[in-house]
Amino acid sequence: MRGLPPAAGALVLCAVLAAVACAGPALADSATPRPAVILLAALHLGCELARSCPLPGRRVPEGLGSFLPVVLAAVFLLPPAAAALAALPGGLAAPVVQRPALVRRAWHGAQQSLGAWGAGQVFGLLDGPAALGGAPPAGPADLPYALLPATAAAAALCLVLTVLDAAVLAAAERTPAATAGHGLLGRALLPYCVHGLAGLMAAVMWRSPYGIPAAVLVLLPMYVSCLVFAQYHREHAAHRATIRALVQAVDIKDRYTRGHSERVGQASTMIARELGMAEDRLEVVRIAGILHDVGKLGVPTRLLRKDGPLTPQERRIIELHPEYGHEMVRGIGFLGEARSAILHHHERVDGTGYPYGLTGEQIPELARVVAVADAFDAMTSTRSYSRARPVPTALAELERCAGAQFDPVMVRALTAAVGRHGWHPVVTSDADLQVIDDPAPAVVPGPGRPAPQAPPAGHGPAPHPRTDGGGRGPVRPGRGGR
């Protein structure tokens, strides 16, 4: 156990000894149904080994996890010690990607064995074997009642595995056990209960006149669905990695606005949620906000980092960044509607924006959302060329420009969302972010409350010296949305 902290090594050793103590009696007991143990152990082992077998052009998706319906079927069909023994080979065969591989395999095997033994004990205490019925012709299963011990056994298996995971994580990383296990049980409980139902159906068919082939046919669709689900999660993780890489590339190139993309994604989501958009569309809005400035990768770095005012020619170059961004992501299919927001987030409702001068509802809805979120974050965060404005002042400025530059519906949605939840930006790598708290509470439109008024002339928000031309004109988020 070299390389492991002493506490983690001791925990692994104790788990292995406990698993041997739980499964060992099944080897010595002549009443153990050995054929059933061998069949279930082989089935579980085959499911684990299949995860590393080549498929046409690819491997089985990683992250599938142990195929627990087989383990739970063993819990329902066998005595606790025999179930612990049947779960052991599959646990030992579970793929590992980090060293020490032998210790990790021993840990996985002990986990599976202890979990099966604990689940078997719970199943027996609730008279699960009697509810399941005996071998033919003993009688049919009492399915309405059998659901209770089966669900309790699945929950017990979930609890044992979760506690062991949290314990070894706390021992290996020297973190409090409560912190290491935070949220693990809640996230895992429902999938374990679903696996428990599949295991129960397999056990019922196993003891039916149709026998073992029918039980395997019950498990096969569940296994295929697990493969598909794992593939979905792997693709979703790849999508997140792609987005993260693009945002990091923009942040590296434009060091003045690090963290801006994530905050625009956050504000865009607040607006969309206030508008009542569906949950699946909220994710698209968030991605659109995060990637809205990806086209900066095509803009010369010297222009993005220039400290002085931009010349008209330099501004025209920077104003190409929405088209650059759209070209960069047009082949990324999962972005969907977010691509139009990247292209049109600098359009204005009065038709004087770019790149195409669209007006009103010609501008895609997500682009109108991102435009407001982009300007709001630009005004409430400190840049090299402008000081952060108070949140109420930024909202008032957005309201002043609503109907000309911004969609009034989106401005009202942001104002209402900030008034209800406040603005607590998620700061990533932006060390210079400063959100100024106004000493007085923000005036937010609502029942019985007037909309915020623009400040009197001469007392308005400080202009952006490189974008507003020194006058108090429309809000401009900065260099191409910065």
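It should be emphasised that the depicted structure is a prediction, and the values quoted were computed from it without experimental measurement. Atoms considered below: every heavy atom in the structure, side chains included; atoms not considered: hydrogens, waters and symmetry mates.
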Drop me the distance from [X]'s [atom1] to [Y]'s [atom2], to the nearest 0.5 angstrom.
X	Y	atom1	atom2	result
D374	R263	CG	CZ	11.0 Å
L164	C14	CG	SG	11.0 Å
L282	M270	CG	CE	12.5 Å
Y356	L343	OH	CG	5.0 Å
I318	L303	CD1	CG	5.0 Å
S340	I363	OG	CD1	11.5 Å

Taking all heavy atoms of [X] and all of [Y], pick out the closest pair and write down the distance.
X	Y	answer
A338	V284	N-CG1, 3.7 Å
G115	L161	CA-CD2, 4.5 Å
L398	A375	CD2-CB, 3.9 Å
T151	C193	CG2-SG, 4.0 Å
Y324	G298	CE1-O, 3.5 Å
A154	Y192	CB-O, 3.5 Å

Flag side-chain contact, heavy atom, 4.5 Å: [X] against [Y]:
X	Y	result
L275	M410	yes
R330	L335	no
P149	V122	no
H44	V71	yes
L291	L246	yes
D350	T359	no
S261	V264	no
L72	H195	yes

Next on the checklist: Assess the residue pair H344 and E347 against the criterion (side chain to side chain donor-acceptor pair (under 3.5 Å)); give the C-alpha distance rounded to whole Å, side-chain angles, the decisive distance to 0.1 Å, and a yes or no.
Outcome noted: CA-CA 5 Å; H344 296 294; E347 304 284 3; 3.3 Å; yes
Checklist entry - Has the side chain of H345 got a donor or acceptor atom that lies under 3.5 Å from a matching backbone atom of I342? => result yes
Checklist entry - Can any side-chain N or O of R286 pair as donor or acceptor with the backbone N or O of G265 at less than 3.5 Å? => result no
Next on the checklist: Under the criterion side-chain contact (heavy atoms from CB on, under 4.5 Å), I'd like the reasoning laid out for V409 against R412: C-alpha separation, chi angles, the key distance, then a yes or no.
Outcome noted: CA-CA 5 Å; V409 174; R412 286 195 295 270; 3.6 Å; yes
Next on the checklist: Would you say T352 and R348 are linked by a side-chain donor-acceptor pair, where the criterion is simply a distance under 3.5 Å?
Outcome noted: yes
Checklist entry - Side chains of D377 and Q266: donor-acceptor distance under 3.5 Å anywhere? => result no
Checklist entry - For R339, which residues count as a salt bridge (charged side-chain N to carboxylate O under 4.0 Å, His left out) partner, sequence neighbours excluded? => result none
Checklist outcome for this item: Residues passing the salt bridge (charged side-chain N to carboxylate O under 4.0 Å, His left out) test with E337, sequence neighbours excluded, are R281
Next on the checklist: Run E319 and R316 through salt bridge (Lys or Arg N to Asp or Glu O under 4.0 Å) and show every step you take.
Outcome noted: CA-CA 5 Å; E319 288 179 354; R316 284 193 294 271; over 6 Å; no
Item to check | Proximity of H292 and H260 rings by center, below 6.0 Å | outcome: yes
Next on the checklist: Test side-chain contact (heavy atoms from CB on, under 4.5 Å) on Q111 and D165; report intermediate values, then the result.
Outcome noted: CA-CA 9 Å; Q111 258 192 313; D165 275 335; 2.9 Å; yes
Item to check | Evaluation steps, side-chain contact (heavy atoms from CB on, under 4.5 Å), between L157 and V75 | outcome: CA-CA 10 Å; L157 177 63; V75 168; 5.9 Å; no
Checklist entry - Checking side-chain contact (heavy atoms from CB on, under 4.5 Å) for the pair D407/V372: CA distance, chi angles, key distance, verdict? => result CA-CA 8 Å; D407 185 335; V372 172; 5.6 Å; no
Checklist entry - In terms of side-chain geometry, is the basic nitrogen of E365 or R368 positioned less than 4.0 Å from the acidic oxygen of its partner? => result no
Item to check | Check ion pair E397-R400 (N to O, under 4.0 angstrom) | outcome: yes
Item to check | Parallel, tilted or perpendicular, as decided by the 30° and 60° cut-offs, for the rings of H321 and Y354 | outcome: perpendicular
